[in-house]
Amino acid sequence: MLSNQSRTAALQELRQQHVPRGVSNAHPIFAARAQGARLWDIDGKEYVDFVGGIGVLNIGHNHPLVMQAVQDQLANFTHTCFQVVMYEPYIRLAERLNELAPGDDPKKTIFLTTGAEAVENAIKIARASTQRPAVVSFTHSFHGRTLLGMSLTGKASAYKQRFGPFAPEVYHAPYPYEYRGWSSERSLEALQELFQTDVTADQVAAVIIEPELGEGGFVAAPSNFLRELRRITTEHGILLIADEIQSGFGRTGKFFAIEHSGVVPDMITVAKSLAGGFPLSGVIGRAEVMDVPAGGGLGGTYAGNPVACAAGLAVLDVFEQEQILSRSVALGTRFRERFLTLQQEVSFIGDVRGLGMMIALEFVRHPETKEPAPELVDRIIAEARTQGILLLKAGLYGNVLRILVPLVIEEELVGRALDTLCAIIRATSGRQSV
C-alpha cells in the first residue's frame with residue numbers, strides 16, 4: 001500500500017500524464033477533506049484555507065445546512081432540465097434573489113452553471129433589449145474563459161494566449177485604479193474618449209463592470225465613479241451590468257458590492273458563493289429587460305440544477321441565521337487594521353485595499369517606483385503553504401496577495417493564521433518583527 005507521500009507523488013505523475021498543462025495548479029497538494037475554513041490534504045496536513053475555492057466558499061466548506069439541503073434533494077431527483085420539467089427550488093431561489101437585489105423595480109432571475117455563462121447571457125439579454133451590438137468592459141477585469149468571456153476580460157497574459165480571434169464589438173475602458181495612476185476623473189475622461197474614437201455611445205448595448213476587481217487585484221471602483229457611470233449609461237440608454245461573481249454574497253460586507261455606492265444596475269451576474277460549492281450561476285435583472293428574449297432564447301441543459309438550487313437556498317438561510325454580513329464587516333476591519341500596521345513595518349507592501357473581507361496587499365520592489373514584485377508574492381505563498389495557510393495571488397502583474405477566507409472562520413483560527421501570515425511576510429521581505 002502506498003504511503004501518503006508516495007500517493008501524492010503518484011497522483012502528481014498521473015496528473016502530468018492525463019491532464020493538460022493549460023490547467024494550472026496554485027498548490028501541489030491534493031485535498032482529502034475540508035470543513036469550515038480548514039482543509040486537509042491526502043498527507044494528513046491541515047491548512048487554513050484563505051482561498052475558498054477562489055471565493056466560492058464564503059460560508060465555508062461543507063456547511064451543515066447546505067449538506068442537509070443537498071442530501072434531501074438528492075433523495076428526490078438530481079436532474080430534469082428546467083426547460084422540460086420545472087421544480088420548486090429554482091423558483092424559490094429566484095424569488096429570494098430578486099428580493100435581495102438592489103432597486104425597487106420588479107426583478108427576474110435566470111440560473112445557469114458557470115460564471116462565464118452568466119456573463120454571456122447577460123450580454124445576450126442586453127443586446128436583445130437595446131438592439132445594439134457593442135459592449136464596454138474595463139482593463140484589469142476578468143469575465144470568464146469562453147470566447148466572449150475572454151474578449152471582455154481586460155487581462156491578456158495567460159487568459160488570451162493565442163486563443164483569438166476574439167468576439168467583435170467589445171471595447172475596453174481604463175478601470176479606476178488610483179494606486180496605478182487611474183483616478184475616477186481620468187478613467188471617466190477615457191471612457192468619454194472611447195465613445196468619441198472607437199464606438200459611439202448609441203451603439204453600446206451594455207457596460208459591464210466588477211464593482212471590485214477579482215482577478216485584477218481587488219481594486220474597488222470608487223463610489224463616485226460608479227455613480228457617474230450609472231448617470232452616463234442612463235443618459236445614453238446603455239444597460240449597466242454589475243459582475244458580482246467574486247464580489248457578491250457578502251464578500252465586501254454588503255450582499256452585493258455595488259450596494260456600497262448606492263448604484264442600482266440593470267443586471268447583476270452571480271456565481272461562486274451562490275451555492276456553497278455547487279456549480280450554479282445566475283443573472284438577476286429588471287423584469288422588463290429580462291423578459292425581452294423570446295421563449296427558447298435562454299437556458300441550458302444543466303442550467304439551474306435542482307441540487308445546486310437547493311444548496312443556494314440553504315446558503316441564503318445561513319446568511320440570515322448566522323449574520324454573515326456583519327461577520328464580513330468585522331473580519332474586514334480586523335484584517336485591514338492588521339495589514340495597515342504591517343505596512344508601516346514592511347516597505348514592500350505598496351497598498352492595502354478592498355471592501356469588507358475582500359482584502360488584498362500589493363507588493364512592490366520599491367514604494368516610490370511601485371515596480372511590481374511578483375517573486376515576493378510567490379515566496380510568501382510557498383512559505384505560507386509550508387506553515388499551513390493556503391493563499392492565492394492576483395493582479396495584472398501577479399504581485400497582489402488576495403485574501404478569500406471563508407466568512408465563518410473561527411476567532412481563534414483567525415488570530416493564529418493572521419499572526420503566522422504577518423510573520424511570514426516580515427521574514428520573507430527581510431524585515432524584523434517589531
Side-chain angles (χ1 to χ4, degrees), residues 19 22-31 34 36-39 41 47-63 66 112-119 140-146 149-150 152-155 157-159 210-220 243-252 256-257 269-282 308 311-312 315 328 331-332 335 354-361 374 377-378 380-381 384-385 389-396 398-409 417:
V19 179
V23 183
S24 61
N25 303 109
H27 297 284
I29 62 175
F30 292 88
R38 291 178 167 93
L39 181 147
D41 69 14
Y47 301 89
V48 182
D49 187 356
F50 273 24
V51 180
I54 315 184
V56 169
L57 300 164
N58 285 359
I59 64 162
H61 294 273
N62 287 9
H63 194 286
V66 174
L112 304 141
T113 309
T114 68
E117 280 184 279
V119 167
H140 301 272
S141 63
F142 181 82
H143 298 292
R145 298 175 189 270
T146 55
M150 283 190 300
L152 291 166
T153 291
K155 184 178 177 182
S157 59
Y159 301 127
E210 295 169 273
E212 180 168 340
L213 294 173
E215 296 294 314
F218 283 24
V219 181
D243 185 338
E244 295 270 6
I245 288 167
Q246 189 163 164
S247 62
F249 286 79
R251 178 50 54 181
T252 68
F256 297 112
T269 58
V270 293
K272 289 193 181 288
S273 278
L274 168 59
F278 289 84
L280 185 66
S281 67
V315 166
S328 178
L331 279 171
F335 273 74
L355 300 170
M357 197 49 249
M358 196 167 176
I359 299 286
L361 300 87
V377 174
D378 289 339
I380 290 168
I381 291 173
R385 183 174 61 248
I389 301 175
L390 297 179
L391 292 163
L392 197 64
K393 63 183 178 180
L396 192 64
N399 67 319
V400 177
L401 190 68
R402 56 175 155 175
I403 309 296
L404 285 167
V405 60
L407 303 176
V408 296
I409 187 171

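Nearest heavy-atom pair, Asp243 versus Ser247, reported as atom, atom and distance to 0.1 Å: O-OG, 3.9 Å. Of all heavy-atom pairs spanning Ser281 and Thr114, the tightest one is OG-O, 2.7 Å. Residues Val23 and Asn25 come closest through the heavy atom pair O-OD1, 3.8 Å. Of all heavy-atom pairs spanning Ala384 and Leu391, the tightest one is CB-CD1, 3.6 Å.
If you take OG1 on Thr269 and CD on Glu244, they are separated by 7.5 Å, rounding to the nearest 0.5 Å. Atom OH of Tyr159 is separated from atom CD of Glu215 by 3.5 Å, given to the nearest 0.5 angstrom. Considering CG of Leu361 and CZ of Phe218, their distance stands at 11.0 Å, rounded to 0.5 Å.
In terms of modelled atom types and a separation under 3.5 Å, the side chain of Ser273 and the main chain of Gly248 share no donor-acceptor contact.
Just one residue in the list Glu210, Glu212, Arg402, Lys272 forms a side-chain hydrogen bond (donor to acceptor under 3.5 Å, both in side chains) with Gln246, and that residue is Arg402. With Ile245 as the fixed residue, the side-chain contact (heavy atoms from CB on, under 4.5 Å) test singles out one of Leu274, Val119, Ile54, Val56: Val119.
With a 4.5 Å cut-off on side-chain heavy atoms, Val219 and His140 do not count as touching. Counting only heavy atoms from C-beta outward, the side chains of Thr146 and Glu117 never approach each other to under 4.5 Å.
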Worksheet entry | side chain to side chain contact (heavy atoms under 4.5 Å, CB included) evaluation trace for Val377 with Val400 | CA-CA 7 Å; Val377 174; Val400 177; over 6 Å; no

Practice prompt. May I have the step-by-step check of side chain to side chain contact (heavy atoms under 4.5 Å, CB included) for Ile409 and Val48, ending in yes or no?
Written response: CA-CA 9 Å; Ile409 187 171; Val48 182; 4.1 Å; yes

Worksheet item: Given the rule in the side chain to side chain contact (heavy atoms under 4.5 Å, CB included) test, do Phe142 and Lys155 qualify, once you have shown the distances and angles that lead to the verdict?
Response: CA-CA 7 Å; Phe142 181 82; Lys155 184 178 177 182; 6.0 Å; no

Fill in: Pair Leu390-Ile29, side chain to side chain contact (heavy atoms under 4.5 Å, CB included): steps then yes or no
CA-CA 10 Å; Leu390 297 179; Ile29 62 175; 3.9 Å; yes

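Around CZ of Arg145, the count of heavy atoms belonging to other residues, nucleotides or ligands within 6.0 Å does not exceed 12.
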